[in-house]
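Worksheet: the structure to be examined is printed underneath.
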Amino acid sequence: MTDKNEEFWKELMGEDFKVDVPPASPSPAPEPKDPGQSAPEPRAPGGGSAPLPEPRTGGGDPGFKIEYVSRDGSAVSPGGQGSPRRSDGAENTRQSQGDGSTRQNTGTGDRTRSGGAGSLPRSADTGGLPRSGGAGSTGDARPEGGSGAPSGGSRPRQGGGQGGDRPQPRPSDARRVSPPEEAPRVRRVKQSLDSEPEYGFDGDEEEYYTTPRRGKKRSPADDFEVEYDYDAEYPDVEEKAVKRGRTKRTGCLSGILLAVFVICVSTVLAVMGWTWATDVLGLDGEDVTVEVTLPKSIFHTEEREEEDEEGNTVPVEVNVADMDKVAEELYQKGLIRYKWLFKLFSRFAHGDTKVEAGTYSLNMNYDYRALIHGMSHRTGVRETVDVTIPEGYSITQIVGLMVDNGVCEREELLDVLANQDFDYPFLKDADIPPLGDPKRLEGFLFPDTYQFYVDDDPVSVVRRFLNNFQKKWTEEFDDMAAELGYTRREVLIIASMIEKEAGVDSERDLIASVIFNRLNHPDRQGTNGLLQIDATIYYVIADTNEAFSTELDSPYNTYLYPGLPAGPIANPGVASIRAALNPQETKYYFYALGQNKSHRFFETYEQFTSFVNSDQYGG
């Protein structure tokens, strides 16, 4: 072995490493069987024809050569500072020092090895210790000589080919190595602190690794044995004793407590459920009727989708109630106990669209469903009020009476009277004022006693008046009006003045005769062609609160404008209508109120002025 190679091996394997290569001694030639036959020439094992080379003896080069090959198959030089020397050829030939034989490297990771006595070859596939192989296998070491005896204490390997069996000197602590630049992905593994570091590659990639030079063979478990003195490293850390938790045991007492707890919770839930069910079903309510009023202020309009008669979904506007206010009203009246429960029930029952504004009579034993239906105009028992409209009341007085009894709101009722287009034949006459005139229905609101709902619908209220008028105005009245030459509305104007002027029923026909006499004889002395009825002036100033004056400029002032006033001044009853249609035939043109609150009738103006100036005048 050269000095250079010996230095490398010592650097790699340690200072104590020594390669002893014994000199190869040729095997004794077998003696010939025949005396005249010479000894056969030694041959290589395996039947090769080439003669064995002569053994090398003496110092210096031991007769073998170590080659270092990287992972990709290129040759690396061990000389210098370990810089690599790559082989750029596909084949790399080595000349054997022993017998001159040549081996080739195919460039696929196989290593070439030189045979010879005492050579130390490497395995091409594992990069480790020498192996035995078949004929012609690369990297197999064969001992020189035909006997195949081991040399230098090495175990003989069997093989064929030209190499034969050769001694294989092998260091006891041989390690597979590769230069640092040819060994990527170095991995540090855990190991005990008294051993040297270990490195390696994993898997089938022939990753780089080292093993300790000395000591026993390491096992995988040794990589995870770490000796660490925690107390010496952290002397200031105070150790606390770990308290072991008590082992929990379940016994009879725990079972009893659990059963008691379950029973208590079940009892509480059952009591609460029964209480809620009692309120929902109205089981404990008294048989007492309570009035509940839902004002229109708690309602608003929303657009929702509903199904029509054909099953199509169409958007419609509906009145929606504020169920918080409704629940509060029912709670204050004592009809419910739990407002939240009633609101929850109403959400599923769509109660916000079923209840309507109004005053209703509800019983305290109603359940939630009955309460919701009881606050509806269609199914509920609504609070009603009887309202009597006296004969001779004007629209203004009737509206005030409706408001006082809680039937309608003033603004809503006035709006309906002026702008609602009702479909009645008597409202199609030519002399009916157009829509928008607040007095257009004056005279048609027939006086009578009506029963209205509290917070009733204004349209429904007015329709009730008009329906009654249509029933009371018969075809006979139409015939009588046509005979007189007056329209229906003109008859109502005359009847309204009779209604306002008559003090007793017996005076109606006489007052009617005075009106018709003046209308038919406008040139009568003292009349000046005027009706001169005080009630027409009072009708005008009722809305303005002005003082009575015959000089008031108004189409209703019969002291200034001849003929009939602009419209009815009241809503007459049947008696006044009949008096207007059938006036008594007289020669009276004047009348005045006496002290007994009855009228006195006169034919001449002089008689009239004489009575007015007397103490019998009651005007």
Is the shortest side-chain heavy-atom distance between [X] and [Y] below 4.5 Å?
X: D421; Y: D423; result: no
X: M497; Y: P565; result: yes
X: K439; Y: L417; result: no
X: I533; Y: I569; result: no
X: T275; Y: Y338; result: yes
X: N319; Y: E356; result: no
X: I336; Y: F345; result: no
X: I577; Y: W473; result: yes

Handout entry: Pair T527-F590, side-chain contact (heavy atoms from CB on, under 4.5 Å): steps then yes or no
Key = CA-CA 9 Å; T527 63; F590 304 94; 4.0 Å; yes
With a sphere of 6.0 Å drawn around [atom1] of [X], does it hold more than 12 non-hydrogen atoms of other residues, nucleotides or ligands?
X: R347; atom1: CZ; answer: no
X: H300; atom1: NE2; answer: yes
X: R440; atom1: CZ; answer: yes
X: Q451; atom1: CD; answer: yes
X: K325; atom1: NZ; answer: no
X: K296; atom1: NZ; answer: yes
X: Y605; atom1: OH; answer: no
X: K428; atom1: NZ; answer: yes

Exercise for the section: Taking the six-membered ring of F426 (Phe, Tyr or Trp), confirm whether the NZ or CZ of R488 is under 6.0 Å from its centre and within 45° of its axis. Expected result: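 Not satisfied by the 6.0 Å and 45° rule.
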Exercise for the section: Compute both the distance and the angle, then confirm whether R600 meets the cation-pi test with F608: under 6.0 Å from the six-membered ring centre, within 45 degrees of the axis. Expected result: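 No, R600 does not sit over the ring of F608.
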Can you tell me how far apart [atom1] ([X]) and [atom2] ([Y]) are? Round to the nearest 0.5 Å.
X: L560; Y: L552; atom1: CG; atom2: CG; value: 7.5 Å
X: I515; Y: Y589; atom1: CD1; atom2: OH; value: 13.5 Å
X: K500; Y: S394; atom1: NZ; atom2: OG; value: 6.5 Å
X: R578; Y: F477; atom1: CZ; atom2: CZ; value: 4.0 Å
X: E302; Y: D352; atom1: CD; atom2: CG; value: 7.5 Å
X: D457; Y: R463; atom1: CG; atom2: CZ; value: 9.0 Å

Problem - Residues in side-chain hydrogen bond (donor to acceptor under 3.5 Å, both in side chains) contact with D404, at least two apart in sequence or another chain - result: none
Quick one: does [X]'s side chain have a donor or acceptor within less than 3.5 Å of a partner on [Y]'s backbone?
X: N363; Y: Y366; value: no
X: Y360; Y: G374; value: no
X: E499; Y: Y393; value: no
X: D429; Y: D431; value: no

Which atom of [X] lies closest to which atom of [Y], heavy atoms considered:
X: T558; Y: L530; value: O-CB, 3.5 Å
X: E291; Y: S361; value: CG-OG, 4.4 Å
X: N517; Y: T586; value: ND2-O, 2.9 Å
X: I541; Y: A547; value: CG2-O, 4.1 Å
X: F469; Y: G443; value: CE1-O, 4.1 Å
X: C408; Y: D456; value: SG-O, 3.7 Å

Handout entry: Check against side-chain contact (heavy atoms from CB on, under 4.5 Å), N405 and F452
Key = CA-CA 9 Å; N405 285 273; F452 299 103; over 6 Å; no
Exercise for the section: Ignoring hydrogens and angles, state whether a donor on the side chain of N571 or E442 is under 3.5 Å from an acceptor on the partner side chain. Expected result: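 A pair is found: one side chain offers a donor N or O, the other an acceptor, under 3.5 Å apart.
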Exercise for the section: Report the residue from N468, D386, T384 that forms a side-chain hydrogen bond (donor to acceptor under 3.5 Å, both in side chains) with Y450. Expected result: N468
Handout entry: Sequence neighbours excluded, every pair satisfying ring pair (Phe, Tyr, Trp, His ring centres under 6.0 Å) that has a member inside residues 500-537
Key =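 Matches after skipping sequence neighbours: Y486-F516.
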Exercise for the section: Please step through side-chain hydrogen bond (donor to acceptor under 3.5 Å, both in side chains) for the pair E501 and Y591, ending with a clear verdict. Expected result: CA-CA 10 Å; E501 290 289 320; Y591 60 89; 3.2 Å; yes
Handout entry: Pair V355-L371, side-chain contact (heavy atoms from CB on, under 4.5 Å): steps then yes or no
Key = CA-CA 9 Å; V355 299; L371 289 175; over 6 Å; no
Practice task
Go through Y561 and D553 one step at a time and tell me if the side-chain contact (heavy atoms from CB on, under 4.5 Å) criterion holds.
Solution key: CA-CA 9 Å; Y561 296 94; D553 187 9; 2.7 Å; yes
Exercise for the section: Give a yes or no on whether a salt bridge exists between D448 and K471, defined as a side-chain N under 4.0 angstrom from a carboxylate O. Expected result: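 No, no charged N to carboxylate O under 4.0 Å.
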Exercise for the section: Before giving the answer on side-chain hydrogen bond (donor to acceptor under 3.5 Å, both in side chains), spell out for Y539 and N557 the whole-Å C-alpha distance, their side-chain angles and the decisive distance to 0.1 Å. Expected result: CA-CA 9 Å; Y539 177 78; N557 188 353; over 6 Å; no
